[in-house]
Amino acid sequence: MSGPWTLPTRSGEHVVALAPDGAGLVRVHWGARGGAQPARAPRRTSFETPLDLLPLEATALGTRAAHAAELVVRRADGLRGARLRPAGDQVLTVDGEAHELRAPFTDELAGLDVELVLRSSTAHDVVTKHAVVHNRSGHAVELLRCWGGAFTPPVGPGARVGTLTGAWSREFTEAVVDLPVGTFSLGSRQGTTSHSASPVVTVRARDGRDAGTYAVALAWSGSWRLQVEAVPFTDHVRVAGGPDDESGVVTLPPGGSVTTPELAGLWVPGGPDEAAQAWHAYQRTLARSTGPEHRPVVANSWYANGFDVRVEHQLALADVAADLGAEVFVVDDGWFRGRTSDRAGLGDWGVDPVKFPGGLEPLVAGVRERGLRFGLWVEPEAVNEDSDLYRAHPDWVHRAPGRDPVRLRHQLLLDLGRPEVEAWVLETLRRLLGRYEISYLKWDMNRAVTDGGGAAPGGDDWSWRHTQAYYRVLDALRVEFPHVTVEACAGGGGRIDLAVLARTDVVWPSDETGPRDRLAVQHGFLSAYPAWVMSSWVTDEPDVLDREPVSLDFRCVVAMAGVMGLGGDLLRWNPEQRERVRELVALHRSVRHVLHGGLVRRHGTPADTAYAVQYTDGATVVVLAWARPGRPAAWRVPLGDLPAGSLLRARSDGSTVRVEDGLVVTWSRGDCDVVVLDRV
């Protein structure tokens with residue numbers, strides 16, 4: 001059967017068919033149901049094959065040559081490329097809302113089998129695809145590019161490509177690239193998703209026509225690349241991606257197989273906010289829960305003490321945290337053996353006997369007696385050279401043979417892809433979580449991998465091995481310790497993607513906690529990732545870039561926008577400050593189900609005089625608003641995501657708002673506001 005096969009989504013459909021000569025799957029339509037528009041192809045010449053002109057779902061170098069391919073193969077005996085042909089029936093399986101298409105292909109000469117797997121669901125708008133590559137030849141096969149497929153939004157010629165870029169403390173900055181023709185590429189070679197770019201793009205038409213919004217994201221937490229190719233004189237805009245194809249090679253031994261990371265794509269009839277809501281709906285299916293049990297209000301000790309961790313001081317902080325309404329107290333860096341600065345101790349994950357002469361148990365018990373859960377910070381992939389672990393196993397770190405390793409932050413990184421290192425990390429975390437009553441684990445990683453490869457067999461695919469081991473450890477922790485909330489952090493937002501969201505509960509978007517700068521980070525974050533994973537603290541830290549002064553209320557309302565936390569030195573807050581924070585923590589907890597469960601819509605940008613984020617769960621609407629000096633005395637927010645004619649009543653004073661009129665914000669908290677509305 002040659003198709004077509006329809007993979008329906010909540011808002012549209014993805015229709016594919018077998019290419020005329022059977023060499024691949026072709027995108028017939030992607031968009032609204034019943035709106036199939038055949039791809040516009042240029043006249044073929046002797047410089048293109050028929051396959052070069054088709055919007056293929058995935059292809060290999062050797063199957064076509066004029067445009068980009070997702071699979072680039074080189075066999076050990078010198079054979080290069082793959083000419084794929086059908087290897088059996090394509091099978092479409094329907095199980096309730098879920099649809100899955102499996103399409104097998106093979107290259108008999110190369111001894112290579114490739115199965116392309118596409119999935120969709122009417123519960124959300126996302127189509128995912130990946131490939132399973134199997135080497136049945138007698139030679140090793142190098143996958144110089146190992147990507148699982150591509151999406152071809154029919155928006156051409158050319159496209160406007162929306163991206164999230166940045167740097168440490170300035171993550172998730174929105175930028176738009178005008179791509180009339182050619183290739184736009186972004187990614188990371190650092191062993192993580194990085195602070196420089198996030199593995200997600202939006203694609204819209206350049207000519208302003210209302211074709212909706214297409215978006216593509218990669219579920220991969222190591223070095224990666226996304227590539228957008230605009231083919232001249234066609235509607236072909238090809239978005240593909242996978243593990244970085246410059247810094248690593250995946251090698252398959254005879255009989256070996258590999259499953260590529262998933263590439264996810266969606267179409268929505270609206271704009272970027274609708275695309276964000278569609279991502280959030282899909283990400284809800286990845287999360288084990290979105291409720292308060294794994295999204296508590298956290299009090300973290302770092303800014304209050306740094307490396308100077310003392311039991312009596314921690315308990316004093318916990319006293320205040322409990323009074324303010326926190327639900328978990330997390331002891332950050334500085335609790336383990338030999339850790340008096342960032343130059344020593346990493347790798348020696350035993351409790352420091354000097355700081356804790358009675359062990360960790362008295363602190364854990366004291367925190368729990370105050371009605372708080374207990375949490376701990378770890379950085380299990382890192383090691384200081386001044387540590388017992390490094391002295392025992394200097395060969396466990398990422399390093400190129402014969403070269404002195406690069407030191408960043410006075411630390412090296414363990415090669416988690418080595419089986420003995422993976423086993424040690426898992427056993428270390430098992431020991432901590434099994435011995436102590438820990439229910440919150442903050443997993444950090446504070447530097448890039450600069451020396452990947454060469455330290456172990458198969459060193460050329462170091463990022464692949466490290467990342468897969470990271471997933472296995474997280475998966476094991478979730479099975480063995482389901483009560484433990486896991487927060488993912490990498491010096492801020494250095495490792496955030498769909499695969500991390502599927503394995504952790506909360507992520508730390510940025511080390512920047514200055515309120516206006518943090519609000520800008522969160523604005524970009526919410527365009528691709530959901531509020532229920534967005535950890536955000538109230539601290540005393542100043543802004544680095546945007547230095548307009550703010551109130552304590554402003555800081556609290558910024559933190560309320562996601563998973564609220566308290567990161568300041570709580571003992572320095574005076575009674576009036578504590579009362580303000582206590583009130584807003586209570587307010588956050590009372591509407592947390594809306595903030596973490598509702599539709600998110602952004603109104604303006606944080607650079608504007610007035611900016612707001614609206615959360616709507618159908619019955620309740622919460623609007624968080626922030627202002628700059630010179631703001632209007634009253635600012636009208638156009639309410640979205642509500643049926644026409646809806647009448648809303650404000651909880652604060654009982655006044656009513658008709659949705660068509662919008663909400664008038666009067667800045668009851670000075671430079672910010674929180675308005676809670678219930679549908680009448």
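None of these values were measured; they are calculated from a predicted model.
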* Could you walk me through whether Y470 and W443 pass the ring pair (Phe, Tyr, Trp, His ring centres under 6.0 Å) test, one step at a time? => CA-CA 11 Å; Y470 171 66; W443 180 322; 5.3 Å; yes

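- A cation-pi arrangement is absent between R368 and F374, since the terminal nitrogen or guanidinium carbon is not both under 6.0 Å from the aromatic centre and inside a 45° cone about the axis.
- Proximity of a side-chain donor or acceptor of S221 to a complementary backbone N or O of T467 within less than 3.5 Å is not detected.
- With values rounded to the nearest 0.5 angstrom, S120 atom OG is found 13.0 Å from R10 atom CZ.
- Applying the ring-ring contact (aromatic ring centres under 6.0 Å, His included) definition to pairs two or more places apart or across chains, those involving residues 570-592 are H588-H596.
- Taking the six-membered ring wherever Trp is involved, the centroid distance between the rings of Y611 and H523 falls below 6.0 Å.
- Between W377 and W349, the two ring planes are tilted [angle within 30° to 60°].
- Using a cut-off of 4.0 Å between Lys/Arg side-chain N and Asp/Glu carboxylate O, R518 and E512 are scored as not salt-bridged.
- For K442 and W508, the positive end sits near the middle of the six-membered ring, less than 6.0 Å away and at most 45° from its axis.
- Partners of T485 under the side chain to side chain donor-acceptor pair (under 3.5 Å) rule, at least two apart in sequence or in another chain, are H294, R373.
- Under the side chain to side chain donor-acceptor pair (under 3.5 Å) criterion, D671 pairs with S551, not counting sequence neighbours.
- Aromatic ring orientation, W267 versus Y214: tilted (interplanar angle from 30° to 60°).
- Annotation: cation-pi geometry not satisfied between R601 and Y615 (NZ/CZ under 6.0 angstrom from ring centroid, within 45° of ring axis).
- A salt bridge between R580 and D553 is present, with a side-chain N of the basic residue lying under 4.0 Å from a carboxylate O of the acidic one.
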